[in-house]
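Model, not experiment: these values are computed from the prediction.
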Amino acid sequence: MTDESFLKDAQIVFERTIYNDSQQDIEMLRNNMILLYKHGLEKVNRKLIENCRSSSRNIWDFMVEHNLAIEIIKTIDQMTTIEYEPDYLDGTVDFVLSRGKTEYYLQVKNLSDSERQNRRKKTVETIKKELMEIKVGKFISIQFSEDFNEADVQPFIENIKQRNYFQDKVKNYYSKEKIVKASFSFHSPNISIFEHLKIGTTSDMAMVNVTGEDRKQIYNSLLKAAKSFTWKASAAKLNFIVMEADNHYDIDISESVFGIERFQHYSNGKRSWNRDESGFFYNEYKNEVIGVIALRRREESPVSSYSKTLFINELFLEQVSQIKSIFNIDRCFRYNQLPEH
C-alpha cells in the first residue's frame, strides 16, 4: 500500500464528521494507519474504516481500539508481539500481547447504554429531524447540560432558527430561566454539500457522576466483557478489560469494580470506612480478570493518546510491576484506596 492509499483511507474515516477539514487530524490518522500496517495490524485499520462507512454513530465510538493499538506499539519492545482478534481465539479477545512465556489479553469494551444514555439518544434523534428544516449546509456540535430534556428540544430549535448568522467555531448558548442548558457551535464541511444543518458531535457539558443506575451499567458491561476469558488468569496469562472513561469519575469506577463505599461517623469526630462486596472483582469472574484499565484522552481530537488508570484485582496484586513493564500506567487503585474524584 502507498502513502496516498493510506491518506484516502484516513479521509474516508473523517469525511462524515466535522473533523474532515482538519488536515492535521487526517495526517495523524494516516501515519497511525501506516504504523499499524507495518506491525501486521491492518485488520484494525479495516475495522475502523468499515465502521465509519456504515454507521451513523460518532467517530469517537470507533477510535478507541485504533488509538490503543498505537499506544501499545509505541510502548512495547522488540521482544513483544501483538495480535488483533486472533483466529485461534475465534476473535473473542481484541488484543493479545506475547513476551517470552507471558501473554497479555485485552478485551476493549464500549460501555453499554444506560437508561440515561438511551433518553439522550432519543433527544438527539428528535433534534436531527428538526434540523432538517433549517436550510444551512453546516455541521452543528452540541454540548448538553445534565438537565436538558425532551421539553427543551423545541425551544432549542427555535433558538437556532431565529439566528441571523451561523459563524464557524463560535460557541453559542441555549438558556432557560437564566440557566445554560446547552452550548453549540457550527462548522463548515470541507468537501460534502449539505441541504440542512447536520449534527457533527454531541457530548456532555460536564463530567457525569456515575451512581446507581450507571454504576450497575458499568458492572454489567464488565460482566459481558469477562465472558471472553474462558481460562483463569495467572502470572503467565494476564487478562484485562479496557474501557474509555472520559465521562466517568475514578471514585465511581472504583465502586463498580471494588464495591460501594460505606462510611461510619463517631461521636468523637472520627470516621471509618469499608466497602461492601458488590463490586465486579467479587463476582464469578474474579479469577479470570486481573484488572480494569480506564482510558482518558489527552487531546481533544478523535486521534489521541490516553492516560491509563489501573484498577487492580487484589488477588493479582503481585502482578502490578509486571503490568507496568508493558503498559504506561499513570495511576493504580486498590480496593482500600479512596480516589478523590
Sequence neighbours excluded and cut-off under 3.5 Å, please list the side-chain donor-acceptor pairs for residues 234-241, or say none.
| residue | atom | partner | partner atom | Å |
| --- | --- | --- | --- | --- |
| S234 | OG | A236 | N | 3.2 |
| S234 | OG | K237 | N | 3.2 |
| K237 | NZ | E103 | OE1 | 3.0 |
| K237 | NZ | Y105 | OH | 3.2 |
| N239 | OD1 | W231 | NE1 | 2.9 |
| N239 | ND2 | E288 | O | 2.8 |

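- Listed by chain and number, the residues in a side-chain hydrogen bond (donor to acceptor under 3.5 Å, both in side chains) with Y88 are E83 (sequence neighbours excluded).
- If you check the side chains of Q217 and N220, you find no donor sitting under 3.5 Å from an acceptor.
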task = Determine, stepwise, if the pair L106 / D94 fulfils side chain to side chain contact (heavy atoms under 4.5 Å, CB included).
result = CA-CA 6 Å; L106 277 66; D94 293 312; 5.7 Å; no

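- Using cut-offs of 30° and 60° for the angle between ring planes, the F194 and F139 rings count as perpendicular.
- Looking at K135, its side chain does come within 3.5 Å of a backbone N or O of M132 through a donor-acceptor pair.
- Electrostatic pairing of R46 and E42 counts as a salt bridge here, judged by a charged N lying under 4.0 Å from a carboxylate O.
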inquiry  = One pair to check against side chain to side chain contact (heavy atoms under 4.5 Å, CB included): F186 and L197. What are the steps and the verdict?
reply    = CA-CA 9 Å; F186 304 104; L197 273 180; 3.9 Å; yes

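- Identified under the ring-ring contact (aromatic ring centres under 6.0 Å, His included) test for residues 290-314, with sequence neighbours left out: F311-F333.
- Remark: P155 engages Y174 in a side chain to side chain contact (heavy atoms under 4.5 Å, CB included) (not counting sequence neighbours).
- Listed by chain and residue number, E71 satisfy the salt bridge (charged side-chain N to carboxylate O under 4.0 Å, His left out) test with K308 (two or more places apart in sequence, or in another chain).
- Within the structure, every pair that satisfies the salt bridge (Lys or Arg N to Asp or Glu O under 4.0 Å) test and touches residues 325-334, not counting sequence neighbours, is listed here: D250-R331, R298-D330, E314-R334.
- Using a 4.0 Å cut-off between charged side-chain N and carboxylate O, K122 and E125 make no salt bridge.
- Across A69 and L36, no two heavy atoms sit closer than the pair CB-CD2, 3.7 Å.
- Residues I34 and I82 fall into different hydrophobic clusters, defined by Ile, Leu, Val, Met, Phe, Trp and Tyr side chains chained together at heavy-atom separations under 4.5 Å.
- The salt bridge (Lys or Arg N to Asp or Glu O under 4.0 Å) pairs that include a residue from residues 25-41 number zero, where partners must be two or more places apart or lie in different chains.
- Side chains of T201 and S141: a donor on one and an acceptor on the other come within 3.5 Å.
- Applying the side chain to side chain contact (heavy atoms under 4.5 Å, CB included) rule to D77 yields the partners M79, T80, R99; only residues at least two apart in sequence or on another chain are considered.
- Remark: the backbone N or O of K178 is not paired with any side-chain donor or acceptor of S175 at under 3.5 angstrom.
- Looking at K181, its side chain does come within 3.5 Å of a backbone N or O of D147 through a donor-acceptor pair.
- The salt bridge (charged side-chain N to carboxylate O under 4.0 Å, His left out) search around E85 returns K47, not counting sequence neighbours.
- Listed by chain and residue number, nothing satisfies the side-chain hydrogen bond (donor to acceptor under 3.5 Å, both in side chains) test with Q167 (two or more places apart in sequence, or in another chain).
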message = Let's go through R119 and E150 carefully: what are the C-alpha distance in whole Å and the side-chain angles of both, what is the deciding distance for side chain to side chain contact (heavy atoms under 4.5 Å, CB included) to 0.1 Å, and is it a yes or a no?
response = CA-CA 9 Å; R119 289 193 297 270; E150 284 285 339; over 6 Å; no

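- The backbone N or O of F281 sits nowhere less than 3.5 Å from a side-chain atom of N313 that would complete a donor-acceptor pair.
- Checked against side-chain hydrogen bond (donor to acceptor under 3.5 Å, both in side chains), N283 has no partners two or more places apart in sequence or in another chain.
- Under a 3.5 Å cut-off, the side chain of N274 and the backbone N or O of Q264 do not form any donor-acceptor pair.
- The closest donor-acceptor contact from the side chain of S304 to the backbone of E300 lies at 3.5 Å or more, if one exists at all.
- Side-chain atoms of E255 come within 3.5 Å of backbone atoms of E261 as a donor-acceptor pair (strictly under, hydrogens ignored).
- Residues forming a side chain to side chain contact (heavy atoms under 4.5 Å, CB included) with Q143 (at least two apart in sequence, or on another chain): K171, S183, S203, M205.
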